[in-house]
Asker: 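My questions all concern the structure below.
Chain A is the first sequence line, chain B the second, and so forth, proteins listed ahead of strands; every chain is numbered from 1.
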There are 2 protein chains.
Amino acid sequence: MSPETQATFRALADPTRRAILQTLTAGERTIAEVAGDFDMTRAAVKKHLTVLSDGGLITVTPRGRERLNRLNPKGFAPVRDWLSFFDQFWDDRLDALKTAIEEDDTHD
Amino acid sequence: MSPETQATFRALADPTRRAILQTLTAGERTIAEVAGDFDMTRAAVKKHLTVLSDGGLITVTPRGRERLNRLNPKGFAPVRDWLSFFDQFWDDRLDALKTAIEEDDTHD
DNA sequence: CTTATATGATACTTTTTGGTATCATGTAAA
DNA sequence: TTTACATGATACCAAAAAGTATCATATAAG
C-alpha cells in the first residue's frame with residue numbers, strides 16, 4: 001500500500017481531526033481560528049493540522065504571518081479508491097449470485 | 001459523532017488491519033488461517049480482528065472450536081456516509097460556481 | 001525602531017496502541 | 001477418558017500518539 005494511503009487513513013482516525021475537516025467546509029481558516037473551535041492548546045491543534053496536511057487532506061498556504069488551512073478535495077481520493085475495491089468485490093459477488101440463480105435448473 | 005463511526009475509522013487506521021480485510025474478500029477465515037498470512041503472532045492478529053469487529057467491519061461466528069471471520073459489508077457504511085458529506089459539500093460548491101458564472105454579466 | 005501577534009520548534013508527560021509470552025478453557029478426535 | 005488443538009485471557013513491554021508548556025522567529029502595526 002502506498003505510504004500516502006497510510007498517512008490519509010491515519011489522519012482520519014482521530015475524531016478531532018475529522019471535526020477540523022468539517023469546520024473547514026465553511027472556508028479557509030488560520031491556525032488560531034481553527035484552534036478557537038476546540039478545547040485544547042493552539043500547539044495541539046497545529047499538530048493535528050500537520051497530520052492532516054501530511055495525509056493530503058488539507059493544504060496550507062502562508063499569508064503574511066498567518067497560515068491559511070483549507071480542504072484539499074483530491075486528498076480524499078485514497079479513501080474513496082480503497083473503498084471502491086470492496087464495492088467492486090461486492091458487486092462481483094452479487095453478479096455471481098444472480099448468474100448462479102439464473103443458471104440454476106432446480107428452481108421452478 | 002457516533003462512537004460507532006469512531007471505532008470504524010480507528011479500525012481502518014492500521015495497515016495490517018486493512019490488509020486483513022482484503023484477505024477476507026477471498027472468503028471466511030479462522031483466526032489461525034488469517035494469522036498464517038502475517039508475520040506476527042496469532043495473539044496479535046486476534047487483537048486486530050477484535051478491533052475490526054468492534055468497528056463493525058467483520059463478523060465473527062463460532063464453528064466448533066473455531067471462529068469464522070468474514071467481511072461485513074454494512075460496516076463500511078459509516079465511512080461512506082462520512083465521505084458523502086464532503087462530496088455533497090463539493091457538489092454544492094460546484095453548483096454555486098456554475099450559477100455564478102451563468103449570472104455574471106461581465107463575461108463577453 | 002519598538003511592540004504586538006501568529007506561528008515554528010523543542011522538550012517533556014501521559015495515554016494508547018501494537019506486539020509478545022504465557023497459561024487457561026473449550027471442543028474435536030483417538 | 002485422554003490427548004490434541006483452536007481460541008480466550010492476562011500480564012507485560014516498547015513505540016507511537018495526543019497533549020502541554022516554553023521559548024524562538026517572523027511579520028504587522030504603532
Asker: Rounded to whole Å, please give me the gap between CG in A:Asn69 and P in C:dT7.
Answerer: 8 Å
Asker: What nucleotide among D:dG8, C:dA21, C:dG8 has an atom nearest to a side-chain atom of B:Lys46?
Answerer: D:dG8
Asker: Please report, rounded to the nearest Å, how far the C1' atom of C:dA21 is from the CE atom of B:Met40.
Answerer: 16 Å
Asker: May I ask you to verify if any side-chain N or O of A:His48 is less than 4.0 angstrom from the OP1 or OP2 atom of D:dG19?
Answerer: yes
Asker: OP1, OP2 of C:dG19 versus side-chain N and O of B:Arg42: anything below 4.0 Å?
Answerer: no
Asker: Quickly work out the B:Arg65 CZ to C:dA24 P distance and round it to whole Å.
Answerer: 19 Å
Asker: Nearest whole Å is fine: how far is D:dA18 C1' from B:Gln6 CD?
Answerer: 13 Å
Asker: Please determine, for the side chain of A:Thr30, which listed nucleotide (C:dT7, D:dG19, D:dA6) has the closest atom?
Answerer: C:dT7
Asker: Please lay out, stage by stage, how B:Leu21 and B:Phe76 fare under the test side chain to side chain contact (heavy atoms under 4.5 Å, CB included).
Answerer: CA-CA 11 Å; B:Leu21 290 176; B:Phe76 291 71; 4.2 Å; yes
Asker: Given C:dT7, D:dT20, C:dT20, which nucleotide is nearest the side-chain atoms of B:Ala43?
Answerer: C:dT20
Asker: Closest to the A:Arg10 side chain: D:dA17, C:dG19, D:dG19?
Answerer: D:dA17
Asker: What is the distance from CZ of B:Arg17 to C1' of C:dT16, rounded to the nearest Å?
Answerer: 12 Å
Asker: Answer yes when B:Arg80 and A:Asp87 have at least one side-chain N-carboxylate O distance shorter than 4.0 Å, and no when they do not.
Answerer: yes
Asker: Judged by each residue's nearest nucleotide on DNA chain D, which is more toward the 5′ side, B:Ile31 or A:Asp14?
Answerer: B:Ile31
Asker: For the side chain of A:Arg17 and the backbone of A:Ala11, is there at least one donor-acceptor N/O pair under 3.5 Å apart?
Answerer: yes
Asker: Just how far, in rounded Å, is P of D:dT7 from NZ of B:Lys47?
Answerer: 17 Å
Asker: Is the backbone of A:Gly56 close enough, under 3.5 Å, to the side chain of A:Asn72 for a donor and an acceptor to pair up by distance?
Answerer: yes
Asker: Under 4.0 Å, counting only non-hydrogen atoms across every strand here, what does B:Arg63 touch: a base, just sugar-phosphate, or nothing?
Answerer: nothing
Asker: By the 4.0 Å heavy-atom rule, please label B:Ala32 as base, sugar-phosphate, or nothing.
Answerer: sugar-phosphate
Asker: Rounding to an integer number of Å, can you tell me how far B:Arg67 CZ sits from D:dC5 C1'?
Answerer: 14 Å
Asker: To the nearest Å, give me how far apart CD (A:Glu66) and P (D:dT27) are.
Answerer: 13 Å
Asker: Between A:Gln6 and B:Ala13 (side chain of the first, backbone of the second, donor and acceptor by atom type, cut-off under 3.5 Å), is there such a pair?
Answerer: yes
